[in-house]
Amino acid sequence: MSIGEFFSRLGGRERPEAEPEVETPAPPTADDLRTALDRAEALVDGGAAPSVVAARVRRVTATVRDTLPRLDVVGLGSDHGYSVMATATDYLPEAVNGYLRLPRRFADTRPVDGPRTSLMVLVDQLDLLGATMDRVFDAVCRDDATALVAHARFLDAKFGHASTGGGLDLAGSGAAVPAMPDETSDPGAGHSRTDDEAEVGPPPGGGVGGGAGADASTHDHAPHPGPTAPPSTTPSDTRRESATRFPPLAPPNP
């Protein structure tokens with residue numbers, strides 16, 4: 001027994017007992033949230049709820065599933081992380097269960113909030129949850145999208161048309177690159193003879209036996225005459241030539 005306890009008992013005072021420690025539950029993991037989403041979808045499966053309710057529930061769960069991989073970045077302690085966690089574990093199942101606890105006829109036909117029935121109240125709640133989860137999903141993906149745009153602008157400024165800092169000057173600094181020839185142009189267009197050059201005949205005095213006094217340099221550079229077409233013949237000329245080469249045979253002697 002300690003001295004403090006001795007004097008406490010001597011004075012008639014009991015030492016207060018220590019308060020038990022309250023264990024704080026661990027935050028749900030991504031697998032726990034997926035399990036909660038599966039239970040919420042099971043509430044409306046099999047026709048347990050109208051199609052308008054089932055479609056909105058699946059819209060909310062699909063958006064939450066897409067957001068779960070980003071919770072490790074934003075953290076469950078953030079506003080967006082807490083909204084996702086609370087929607088999967090509390091807000092969504094509680095809204096659906098509150099509707100399912102009512103008889104279907106009463107929930108779908110009796111006004112409970114002004115002109116709105118319980119079904120209309122549930123549909124408005126699910127629309128609000130769906131729009132909220134869409135905004136959360138856009139917000140948690142915005143940082144990565146912004147970083148991607150910033151990196152793209154950096155690359156464009158470094159290697160794109162906005163700067164020549166990353167370009168390769170293969171021809172030398174300031175050197176002009178010669179233009180490539182036009183593939184559609186005719187390579188031999190500059191070397192073709194004109195019609196006037198093709199029709200020019202032999203030089204004067206350049207006939208047979210008349211080239212003795214002609215200038216050799218002029219004769220060498222004179223354009224060569226083109227090929228001469230053969231003379232045209234008629235059927236009568238052909239028969240005359242045949243009769244000359246092959247005379248008719250004389251009749252045999254009697």
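Hydrogens, waters and symmetry mates are skipped; everything else that's a heavy atom, side chains included, is used.
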message = Quick check: closest heavy atoms across Pro69 and Arg65, and the distance to 0.1 Å?
response = CD-O, 3.3 Å
inquiry  = With a 6.0 Å cut-off (strictly less than), is the heavy-atom count around CG of Asp79, excluding the residue itself, greater than 12?
reply    = no
task = Determine yes or no for a side-chain-to-main-chain donor-acceptor pair under 3.5 angstrom, with Arg104 supplying the side chain and Ala48 the backbone.
result = yes
message = side chain to side chain contact (heavy atoms under 4.5 Å, CB included), that's the test. Do His80 and Thr67 meet it? Break it down for me.
response = CA-CA 10 Å; His80 295 320; Thr67 312; over 6 Å; no
key: Considering all heavy atoms, the nearest Ala40-Val57 contact   = O-CG1, 4.0 Å
Contacts table for residues 127-139: side-chain donor-acceptor under 3.5 angstrom, sequence neighbours left out:
unit_1 : atom_1 : unit_2 : atom_2 : d
Asp127 : OD1    : Arg56  : NE     : 2.7
Thr132 : OG1    : Leu128 : O      : 2.8
Thr132 : OG1    : Arg135 : NH2    : 3.4
Asp134 : OD1    : Thr63  : OG1    : 3.4
Asp134 : OD2    : Arg59  : NH2    : 2.7

task = Indicate yes or no: at least one non-hydrogen side-chain atom of Leu126 is less than 4.5 angstrom from one of Leu92.
result = yes
note = OG1 of Thr61 to CG of Asp38, rounded to nearest 0.5 Å, is 9.0 Å
query = Should Leu43 and Val53 be regarded as members of a common hydrophobic cluster, given that ILVMFWY residues are connected when their side-chain heavy atoms come within less than 4.5 Å of each other, either directly or indirectly?
reply = yes
key: Test item: Asp156 side-chain N/O and Arg153 main-chain N/O as donor-acceptor pair under 3.5 Å   = no
ask   = Do you reckon Val44 sits in the same ILVMFWY cluster as Leu102, going by side-chain contacts under 4.5 Å, direct or chained?
value = no
ask   = Considering only heavy atoms from C-beta outward, does the side chain of Thr109 approach that of Thr117 to under 4.5 Å?
value = no
inquiry  = Quick one, Val84 and Arg70 - any side-chain contact, counting heavy atoms below 4.5 Å?
reply    = no
request  = Check the pair Val140 / Leu71 against side chain to side chain contact (heavy atoms under 4.5 Å, CB included), numbers first and verdict last.
outcome  = CA-CA 8 Å; Val140 298; Leu71 291 183; 5.7 Å; no
inquiry  = Are Leu119 and Phe106 linked, directly or through intermediate hydrophobic residues, by side-chain heavy-atom contacts shorter than 4.5 Å (ILVMFWY only)?
reply    = no
Pair Thr29-Asp32, side-chain donor/acceptor within less than 3.5 Å = yes
message = Side chains of Ser118 and Asp108, heavy atoms from C-beta outward: is any pair under 4.5 Å?
response = no
task = Ignoring hydrogens and angles, tell me if any N or O in the side chain of Asn97 forms a donor-acceptor pair with the backbone of Pro93 under 3.5 Å.
result = yes
query = Should Asp45 and Arg58 count as side-chain neighbours, where that means a heavy-atom distance under 4.5 Å?
reply = yes
inquiry  = Count I, L, V, M, F, W, Y as connected when their side-chain heavy atoms are under 4.5 Å apart, and connections chain through other members. Are Val60 and Met120 then in the same cluster?
reply    = no
query = If we only count heavy atoms from C-beta on, is the Pro28 to Met85 side-chain gap below 4.5 Å?
reply = yes
query = Leu122, Val112: one ILVMFWY side-chain cluster at the under-4.5 Å cut-off?
reply = no
